[in-house]
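Order of the sequence lines sets the chain letters (A, B, ...), proteins ahead of strands, with each chain counted from 1.
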Amino acid sequence: MTPALQTLGLTHHFGAFLATDNVNISLPPGARHALIGPNGAGKTTLVNLLTGVLRPGAGRILMGGEEVTGMAQDRRVRRGLSRTFQINQLFPELTPLQSVSLAVARRMELDGGWWRPLGHGGAVAKEAAEILGRFGLSDAMGRRVGDLPYGRQRLLEVALAIAARPRVLLLDEPAAGVPEAEREDILAAIRALPREVAVLLIEHDMDLVFRFAESITVLVSGAVLMEGTPAEVAADPRVRAVYLGEGGHD
Amino acid sequence: MSVPDRDAARRQLAGLARWRPAEIAFWVAVLAAYALFPQRAALIAEVAVIALFALSLDLVLGYAGILTLGHAAFFGWGAYVAGIAASRGWEDPTLGLLLGGGTAGVLGLLGAPLVLRGGDLTRLMVTLGLATVLHELANRFTGLTGGADGLQGMVVGPLLGMFEFDLEGHVGAAYALAVLFLAFLLLRRIALSPFGWSLRAIRANPLRAAALGIPLRRRLVAAYTIGAALAGVAGALLAQVTQFVSLDVLSFQRSADGLLVLLIGGVGWLYGGLVGAVVFKLMQDLLSSLTPQYWQFWIGALLVVLVLLGRERPRAWIARLRRPAEGAAP
Amino acid sequence: MLTVLFDGIAYGMVLFILACGLAVTLGLMNLVNLAHGAFAMAGGYAALVLVNAWGVPFLAALPLVFLATAALGALMERTLYVQVYARSHLDQVLFSVGLIFMAMAVVDYAAGPSQQFIRIPEALRGRIEVAGVGMGIYRLLVIGLCGAVALALHLALARTRFGSQLRAAVDDSRVARGLGINVGLIFTVTFAVGSGLAGLGGALGADILGLDPGFPLRFMIYFLIVVTVGGTASIPGAFLASLLLGIADVAGKYYLPSLGAFIIYGVMLAVLVWRPQGLFGRAGVR
């Protein structure tokens with residue numbers, strides 16, 4: 001099967017510093033894949049390369065077998081690559097409904113239109129309400145985003161990414177900063193993501209990773225250390241060695 | 001998803017576009033002002049021109065978040081195009097208006113890539129530079145523009161072939177208000193459309209907007225172009241109503257006046273430009289009758305004080321009158 | 001030809017003295033202070049009063065002008081500017097445009113709208129000929145003084161403790177604070193020195209640039225070009241950008257009198273197309 005997302009020999013330097021070193025990753029459609037690694041392993045750089053914020057020094061990125069390596073960020077999104085951010089990137093002054101609606105309108109290719117109002121015809125509202133419902137945000141749809149509790153903002157972050165109806169979704173530390181009690185909500189939400197979406201989870205919380213991922217890539221110093229099932233990764237002495245330096249992963 | 005949620009969502013989105021009583025009252029008041037003060041027709045026309053200019057600036061500055069010090073470039077361009085057209089035998093005012101606005105829009109489209117090339121500082125420099133260059137050109141090509149003496153010999157034909165412009169300016173004021181209202185309707189639609197929302201998204205958080213797949217550059221270029229065209233219409237309107245164009249249509253003062261109007265009325269919502277224009281013009285009249293020579297000082301002081309007090313304040317007073325869920329519209 | 005180059009260099013040197021303070025404050029606090037030219041104008045008028053009305057010798061008046069505008073700068077920074085650091089660029093633009101208008105009106109009120117001339121001693125009025133190049137003595141003095149100031153600035157930034165603290169604060173004010181550097185004080189001092197230099201430039205340059213209430217607006221575009229082309233917080237960048245701008249402007253007006261006024265915009269355009277981040281810029285200020 002053609003991978004939903006694939007990198008071939010992806011390499012990137014910052015000056016003399018090798019941030020991404022010949023990385024090969026392949027996500028089949030519907031994958032539940034996690035990317036882990038200690039601080040400074042190059043996870044953020046890899047996300048920036050995949051989404052088009054950075055252009056790689058060498059190597060290729062394919063989506064559904066098609067080259068997207070030099071493609072602008074917004075065009076990748078329209079090809080079906082969506083992401084969340086490690087630090088919330090929301091519209092604090094808008095409501096969740098307005099935020100998701102404009103994302104839905106974008107996905108429906110309506111956002112170049114300047115004549116009909118955003119809610120025209122009800123199709124946008126219908127889909128936006130459906131997405132908000134899926135993330136348990138229906139009751140908050142009319143509130144100011146900036147006034148929502150952090151955990152719910154985090155859910156909205158995922159909802160916005162999903163509104164683009166991606167084929168590949170990059171989740172950049174979705175549980176970062178979320179209080180212990182609300183982590184289950186996040187996990188439940190990302191577990192309930194549509195099965196046809198390939199998900200790449202970048203996460204520090206190993207508990208979350210092992211409960212979510214079906215396969216894991218371990219990144220160290222910009223290069224892939226190993227790839228395998230959660231059980232294989234957990235058993236690998238090299239991974240243990242890397243993480244012991246950080247004080248273990250549990 | 002439950003059906004009530006869906007209906008609530010639909011209602012909330014549809015509610016954004018609804019005309020609120022306060023809006024209708026505002027326009028009724030405008031009509032009433034026109035009917036009640038026939039002897040102030042010239043002033044009303046002038047306020048309408050300033051309001052239209054401020055609206056166009058708000059699209060660029062408030063909605064698209066593009067810092068500009070030279071929006072007068074498009075205003076002056078529109079004024080000179082309409083003025084020169086009228087002085088060369090193209091008497092129809094509608095044609096002049098479209099010519100002024102259309103060519104200003106083209107100018108905006110051509111200038112946009114330069115303006116959007118860098119950060120805020122670059123934008124300030126390029127916009128100011130463009131306006132200064134046009135000012136200098138208008139000053140230099142006296143054969144075309146009349147230079148420092150101003151453009152003479154404009155002949156503006158009857159409006160729609162029916163209404164002659166009268167000396168008291170009644171037709172002129174009605175014309176200016178009608179153009180302002182049409183432009184407002186257009187901008188209101190734009191602000192409420194998905195395009196308008198994508199501009200808001202870009203200004204609020206460009207990173208997220210890009211991640212949603214919104215093509216930032218193309219949206220900003222479009223907003224800048226529309227803003228330029230509307231500023232051109234405002235300039236053309238001024239030229240036709242006063243039947244005169246002088247160099248000050250391109251001056252820095254003109255751009256700064258636009259900024260002050262938005263500062264008074266509030267940036268990023270359409271009534272800000274309208275309310276600001278009324279307050280600004282009344283205040284200018286008052287100040288220049290008190291201290292004819294130094295009203296510039298008070299304009300400056302007002303800018304400083306309003307910024308120090310907080311730009312959001314006037315708007316917050318008005319926003320308090322509205323329901324919070326509708327805070328972002330229109 | 002060389003005379004034009006010479007005049008251009010003198011002009012550029014004055015521009016540098018005028019604009020360098022702006023470049024540093026912009027880089028340090030991300031403060032868009034369009035009213036920088038108002039301090040230059042204040043310096044020019046201070047020199048006017050000192051020399052023409054009080055009879056202070058021209059050269060003795062210069063340091064006094066520097067101190068006076070620096071004091072004015074410190075006062076304004078502590079009372080007003082400090083309140084807009086954290087604001088958006090839009091707020092800073094509106095605020096500083098307001099200051100410009102106020103300054104222009106005050107000067108207009110106090111000294112009238114016409115152009116003013118500072119009495120320069122006869123000894124500086126003449127021209128000398130060196131290897132066939134005619135050079136005005138006054139411009140020679142300007143080049144010498146501004147060159148000395150530029151060198152002193154460069155050394156102060158590169159060699160002194162204050163300079164290294166300033167550079168640290170420019171690079172990352174949060175880290176600098178963490179290191180115990182008093183960023184607020186550094187900024188006040190920098191702002192004051194920048195204003196003082198602008199005032200000095202206004203006084204020295206009055207003869208070259210002209211002096212009237214329209215000064216801050218007329219030269220706003222020059223300052224913007226210098227900091228954009230030169231890159232913010234870069235003294236050598238601002239210096240080279242100023243020289244480039246000065247030479248281009250003078251040469252343009254000399255060789256193409258009909259188009260001369262547009263040359264600087266040509267320079268601006270060329271740099272923008274070729275190097276959008278400025279000749280020596282960092283992508284920092286947005």
(request) Calculate, to the nearest 0.5 Å, the distance between atoms CD and CG belonging to A:Gln73 and A:Leu54 respectively. (result) 10.0 Å

(message) Just verifying a value: how many Å separate A:Arg76 CZ and A:Met63 CE, rounded to the nearest 0.5 Å?
(response)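 Rounded to the nearest 0.5 Å, the CZ-CE separation comes out at 9.0 Å.
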
Among the listed options [options], the residue most often paired with chain A at heavy-atom distances under 4.5 Å:
| options | value |
| --- | --- |
| B:Pro215, B:Ala210, B:Ala14 | B:Pro215 |
| B:Ile226, B:Leu186, B:Leu212 | B:Leu212 |
| B:Ala222, B:Ala201, B:Ala209, B:Ala204 | B:Ala201 |
| B:Leu216, B:Ile214, B:Asn205 | B:Asn205 |

Side chain, backbone, both or neither: which part of [X] has a non-hydrogen atom closer than 4.5 Å to chain B?
| X | result |
| --- | --- |
| A:Glu127 | neither |
| A:Arg83 | both |
| A:Ala128 | neither |
| A:Leu102 | side chain |
| A:Ser101 | side chain |

(message) Report which part of B:Arg11 has an atom under 4.5 Å of a heavy atom belonging to chain A: side chain, backbone, both, or neither.
(response) neither

Quick test of your reading of the model: are [X] and [Y] salt-bridged, counting only N-O distances below 4.0 Å?
| X | Y | value |
| --- | --- | --- |
| A:Lys126 | A:Glu130 | no |
| A:Asp139 | A:Arg152 | yes |
| A:Arg167 | A:Glu196 | no |

(message) Testing the 3.5 Å rule here: is there a donor-acceptor pair between the side chains of A:Tyr150 and A:Glu182?
(response)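 No pair is found: no donor N or O on one side chain lies under 3.5 Å from an acceptor on the other.
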
(request) Look at A:Met141, A:Arg78, A:Arg79, A:Arg144 and state which one has the largest set of heavy-atom pairs under 4.5 Å with chain B. (result)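 Counting heavy-atom pairs under 4.5 Å, the top option is A:Met141.
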
(message) Looking at A:Ile87, I want to see if its CD1 is surrounded by more than 12 non-hydrogen atoms of other residues, nucleotides or ligands under 6.0 Å.
(response) no

(request) Answer yes or no: are there more than 12 heavy-atom neighbours, outside A:Arg191 itself, under 6.0 Å from its atom CZ? (result) yes

